Undergrad: 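Okay, here's the structure, questions in a sec.
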Protein chains: 2
Amino acid sequence: MPQNDISSQMLKGILQGCLLILINQRPYYGYAISQELSRYGFADVPKGTIYPLLMSMEKKGLIIGKMQPSKDGPQRKYYHITATGKQARQIFLNKWDTLSLNVNDLINERRNDS
Amino acid sequence: MPQNDISSQMLKGILQGCLLILINQRPYYGYAISQELSRYGFADVPKGTIYPLLMSMEKKGLIIGKMQPSKDGPQRKYYHITATGKQARQIFLNKWDTLSLNVNDLINERRNDS
DNA sequence: AATCACTAGTTTGTAAAGCAAAATAGTAAT
DNA sequence: ATTACTATTTTGCTTTACAAACTAGTGATT
């Protein structure tokens, strides 16, 4: 399967892709991610979604979490990106380009249908 | 919840949105949809995904299927869009605009992170 | 000291979705 | 007859979404 096919995994993977973009920039912990995401229109991604997703990403070896104490509250689990995670991030970027181009094509070729 | 928030429903709903775009143009049957989608990079969306999705869209009242005989093989179930479906299509178009803008922002503001 | 508000993460349980695969069925060519 | 292509439905397994409950730390208010 070519890297740039749009699979349903892709459709589901946009959130994971966005997390990889964020964590690639610098280590993030879950709570901060949900705040950062809301700045990009992902309003209130539930923690019941984001924490299990981070755990599954760690299980896949894309990120690694490290507990660190905080003076402002309980410990924070900072996630760092791995080499595998960097690869996955690049694949996501390519797939996102393809997806958005193709969806826009599909839409634009039917612009005048009401 | 504001219409233009990106929800996880949105992430899952891209395929449904694309089906609404197609069926809004003219009636389609499942098999033809999967062929049309492959022209837009949605390579081989499995029939185990597409047929149940069409059925759930009919259940939601977005489309209506009508069986019609074919000279080239078994009957085809042509799906027609409903008024509710047209509304859902418009909502999808708005949400897609928001999603792609926000994801592109998130990516572009971190362009230089390797 | 007790409560509240905010931060922070894990776990649990249910519902829904994704999808491979099998079952059914029609046409047409070999 | 068999194969090949078209076409839809159904079954069963796995994964995902996520609300809700639970644990736990800090700091301010009562």
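Just so you know, these numbers use all the heavy atoms, side chains as well, and skip hydrogens, waters and symmetry mates. Predicted model only: the values in this text are computed from it and were never measured.
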Undergrad: Please give, in whole Å, the distance from D:dG25 P to A:K77 NZ?
TA: 16 Å

Undergrad: Just how far is it from atom CG of B:N24 to atom CD1 of B:I81, taken to the nearest 0.5 Å?
TA: 4.5 Å

Undergrad: How many Å lie between CE on B:M57 and P on C:dA16, as a whole number?
TA: 18 Å

Undergrad: By nearest heavy atom, map A:K60 and B:R76 onto DNA chain D; which one lands nearer the 5' end?
TA: B:R76

Undergrad: So which pairs with a foot in residues 102-114 of chain B pass salt bridge (charged side-chain N to carboxylate O under 4.0 Å, His left out), sequence neighbours left out?
TA: A:E36-B:R110

Undergrad: May I have the distance from A:L15 (atom CG) to D:dC18 (atom P), rounded to whole angstrom?
TA: 9 Å

Undergrad: Within this structure, what is the CD1-to-P distance between B:I50 and C:dA20, rounded to whole angstrom?
TA: 13 Å

Undergrad: Can you tell me the distance, in whole Å, between the OH atom of A:Y31 and the P atom of C:dT7?
TA: 4 Å

Undergrad: Ignoring the backbone of A:P74, work out which of C:dG26, C:dA8, C:dG9 is nearest its side chain.
TA: C:dA8

Undergrad: Measure from the side chain of A:M67, starting at C-beta and using heavy atoms only, and say which of D:dA7, D:dC18, C:dT10 lies closest.
TA: C:dT10

Undergrad: Output the rounded distance in Å from CD (B:Q16) to P (C:dA17).
TA: 9 Å

Undergrad: Quick one: on DNA chain D, does A:K71 or A:G48 contact a more 5' nucleotide (nearest heavy atom)?
TA: A:G48

Undergrad: Counting only side-chain heavy atoms from C-beta out, which of C:dA8, D:dT9, C:dT10 sits nearest to B:Y51?
TA: D:dT9

Undergrad: Any side-chain N or O of B:Y29 less than 4.0 Å from the OP1 or OP2 oxygen of D:dT8?
TA: no

Undergrad: Start at the 5' end of DNA chain C and walk down; is the nucleotide closest to B:L53 or to B:G73 reached first?
TA: B:L53

Undergrad: If you draw a 6.0 Å radius around CG in A:N112, do more than 12 non-hydrogen atoms from other residues or ligands fall strictly inside?
TA: no

Undergrad: Looking at D:dT8, D:dT10, D:dC18, which one has an atom nearest to any side-chain atom of A:T49?
TA: D:dC18

Undergrad: Please tell me which of the listed nucleotides, C:dT7, C:dT10, D:dT6, lies nearest to the side chain of A:Y79?
TA: C:dT10

Undergrad: I need the B:L22 CG to B:R89 CZ distance, nearest 0.5 Å.
TA: 11.0 Å

Undergrad: Rounded to whole Å, please give me the gap between CG in A:L54 and P in C:dG9.
TA: 9 Å

Undergrad: Which of the following nucleotides, C:dC19, C:dT10, C:dA22, is nearest to the side chain of B:K47?
TA: C:dA22

Undergrad: What is the distance from atom OG of A:S34 to atom CZ of A:F42, rounded to the nearest 0.5 Å?
TA: 13.0 Å

Undergrad: Distance check needed: D:dG25 P versus A:D72 CG, whole Å only.
TA: 15 Å

